S.K.: 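Let me begin by handing over the structure; questions about it come next.
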Amino acid sequence: MTRLRNHPVIDNVALINPIMPVIAGRETELPFTTIKSLIGYAGETGTDLGDLGLIYEKCISGMPEEELILKMKEIIRIIHKSIDTGLKGTYYADRILQQQSHLIAKSESEGKIRESVVNRIIENVSALMESKSAMEVIVAAPTAGSCGTVGGSLKAISDNPGNSEEELAKAYFAAGIVGAYFAQGPGFSAEEHGCQVECGAASGMAAAGIVQLMGGNAKQALDAASMAIQNMIGLVCDPVADRVEVPCLGKNISAAVNAYASAIMAISGFEAVIPLDQVIQTVSDVGRKMPLCVKCTGKGGLATTEAALTIRNRLTQN
């Protein structure tokens, strides 16, 4: 560092931490590989999906458990701060929708609707999406276009029975391992597979996390993820005026409520029928068959309606 600072052609030297904290070469072998082997390992050891997600991260990163949990808690802190920011009100000129997240609590206070967990899900998801569209800090979980689903639903569920910070972190690890397996399949690019790999993947991740919060086992969490993703297969990506707001807000809310319903079904003993690995493979197959016009190109679906074109022209002129 001293030699660099004293070099005649170098004016200044900045030392920064790496963006990705995982250093190659510290990995260890996973005790499971496929989803099927993960379920077998969970059955043999009695491990829930949150702990399996933590094991996955430990083996992939080589980091100690305590450090991983602290990093997850920091991610959760950012998500919750983004929700708070959205609820306080955001403004950004170049967007379609201004603040709406506050309307849920307003309707409750006026007696128009009754308080419920679903209301909190809608409120939280909306707040996160508003923070995103106002260019605030958000966590892409798994993508920016689907950032409201996981964080919005898990906060609503964890607030209701009052889960601890540690229990919420484990729920995120459960959600994360579903995302890790999804990443090995189609991935998260709507340009390749439509919104089924954004809101669809987020819904499956959230469903697994919700089951974890409810005290369910690993198979129930994976079944919930399977059911949630099944309900989102074929979802197109057709953002109006190239802004990730309409119909993205509604899709995030639907994905979050779908996750909640799928978790309730799995905990209650409903059959997923199709295993999660086969559901993920189906998403890839369907994505390859979808026309390009509904893969985030703005050339199909709602993006080409008269109302959408009017909005595009207005924003372009502004």
Side-chain angles (χ1 to χ4, degrees), residues 17-76 139-143 150 154 164-189 192-193 197 200-213 215-229 263 266 272 274-285:
N17 292 322
I19 295 173
M20 296 299 291
V22 177
I23 300 172
R26 300 192 307 191
E27 307 92 336
T28 55
E29 187 176 352
L30 278 163
F32 48 81
T33 51
T34 63
I35 293 176
K36 186 175 181 180
S37 66
L38 179 149
I39 294 172
Y41 179 82
E44 293 169 4
T45 60
T47 314
D48 62 34
L49 195 63
D51 283 332
L52 291 168
L54 186 54
I55 290 170
Y56 176 90
E57 293 293 344
K58 285 168 60 179
C59 293
I60 292 296
S61 68
M63 289 181 174
E65 182 175 314
E66 296 77 13
E67 187 176 351
L68 287 167
I69 292 171
L70 285 175
K71 287 183 179 296
M72 184 62 82
K73 287 181 179 180
E74 175 60 16
I75 289 171
I76 296 169
V139 177
T143 66
V150 176
L154 290 186
S164 68
E165 191 178 11
E166 286 68 27
E167 288 170 331
L168 182 56
K170 281 188 64 176
Y172 271 87
F173 280 112
I177 195 167
V178 171
Y181 279 108
F182 202 99
Q184 295 172 24
F188 305 111
S189 171
E192 286 188 274
H193 298 286
V197 299
S203 190
M205 293 168 64
I210 292 170
V211 169
Q212 177 70 36
L213 281 173
N217 60 38
K219 185 179 185 306
Q220 289 172 328
L222 294 173
D223 281 352
S226 173
M227 287 188 278
I229 297 170
I274 312 297
L276 179 60
D277 54 352
Q278 294 179 36
V279 171
I280 291 173
Q281 180 59 53
T282 301
V283 171
S284 296
D285 295 341

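Model, not experiment: these values are computed from the prediction.
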S.K.: Apply side-chain contact (heavy atoms from CB on, under 4.5 Å) to residues Ile69 and Phe173 and explain how you reach the verdict.
M.R.: CA-CA 9 Å; Ile69 292 171; Phe173 280 112; 4.2 Å; yes
S.K.: Could you give the distance from CD (Gln212) to CG (Asn217), rounded to the nearest 0.5 Å?
M.R.: 9.5 Å
S.K.: Assess the residue pair Asp277 and Gln281 against the criterion (side chain to side chain donor-acceptor pair (under 3.5 Å)); give the C-alpha distance rounded to whole Å, side-chain angles, the decisive distance to 0.1 Å, and a yes or no.
M.R.: CA-CA 6 Å; Asp277 54 352; Gln281 180 59 53; over 6 Å; no
S.K.: Gly209 and Leu154: which non-hydrogen atoms are nearest, and at how many Å?
M.R.: C-CD2, 3.6 Å
S.K.: Do the charged groups of Lys71 and Glu57 touch, with an N to O distance under 4.0 Å?
M.R.: no
S.K.: Return the OG to NE2 distance between Ser284 and His193, rounded to the nearest 0.5 Å.
M.R.: 5.0 Å
S.K.: From Ile177 CD1 over to Leu38 CG, what is the distance, rounded to the nearest 0.5 angstrom?
M.R.: 5.0 Å
S.K.: Name the orientation class of the two ring planes belonging to Phe182 and Phe188 (parallel below 30°, tilted from 30 to 60°, perpendicular beyond 60°).
M.R.: parallel
S.K.: Determine whether a donor-acceptor pair (N or O, by modelled atom type, separation under 3.5 Å) exists between the side chain of Glu167 and the backbone of Ser164.
M.R.: yes
S.K.: After noting the C-alpha distance and the side-chain angles of Val211 and Leu49, does the key distance pass the side-chain contact (heavy atoms from CB on, under 4.5 Å) rule?
M.R.: CA-CA 9 Å; Val211 169; Leu49 195 63; over 6 Å; no
S.K.: Of the non-hydrogen atoms in Pro142 and Ala202, which two are nearest, and what is the gap between them?
M.R.: CD-CB, 3.5 Å
S.K.: Does the distance from a Lys or Arg side-chain N to an Asp or Glu carboxylate O, for Asp51 and Lys170, drop under 4.0 Å?
M.R.: yes
S.K.: How far apart are the C-alpha atoms of Tyr41 and Thr33, what are their side-chain angles, what is the distance that settles it, and do they pass the side-chain contact (heavy atoms from CB on, under 4.5 Å) test?
M.R.: CA-CA 10 Å; Tyr41 179 82; Thr33 51; over 6 Å; no
S.K.: Is there a donor-acceptor pair closer than 3.5 Å between any side-chain N or O of Ser226 and the backbone N or O of Leu222?
M.R.: no
S.K.: side-chain contact (heavy atoms from CB on, under 4.5 Å) between Met63 and Lys58: does it pass, once the steps are laid out?
M.R.: CA-CA 5 Å; Met63 289 181 174; Lys58 285 168 60 179; over 6 Å; no
S.K.: When you measure from the side chain of Ser37 to the backbone N and O of Thr34, does any donor-acceptor pair fall under 3.5 Å?
M.R.: yes
S.K.: To the nearest 0.5 Å, what is the distance between CD1 on Ile274 and CE on Met227?
M.R.: 12.0 Å
S.K.: To the closest 0.5 Å, what do you measure between CG (Leu68) and CD1 (Ile60)?
M.R.: 11.5 Å
S.K.: Taking all heavy atoms of Val283 and all of Pro186, pick out the closest pair and write down the distance.
M.R.: CG1-CG, 3.8 Å
S.K.: Kindly give the heavy-atom pair with the smallest separation between Thr47 and Ala218, and that separation in Å.
M.R.: O-CB, 3.8 Å
S.K.: So, do Leu30 and Tyr56 sit near enough that their side-chain heavy atoms are less than 4.5 Å apart?
M.R.: yes
S.K.: Which heavy atom of Val150 sits nearest a heavy atom of Ala141, and at what distance?
M.R.: CG2-O, 3.6 Å
S.K.: Check Ala169 against Ile76 and note the closest heavy-atom contact, atom names and distance.
M.R.: CA-CD1, 3.7 Å
S.K.: Report the distance from atom CD1 of Ile229 to atom CE of Met205, rounding to the nearest 0.5 Å.
M.R.: 9.5 Å
S.K.: Would you indicate whether Lys73, at its atom NZ, is surrounded by more than 12 heavy atoms from other residues, nucleotides or ligands within a distance under 6.0 Å?
M.R.: yes
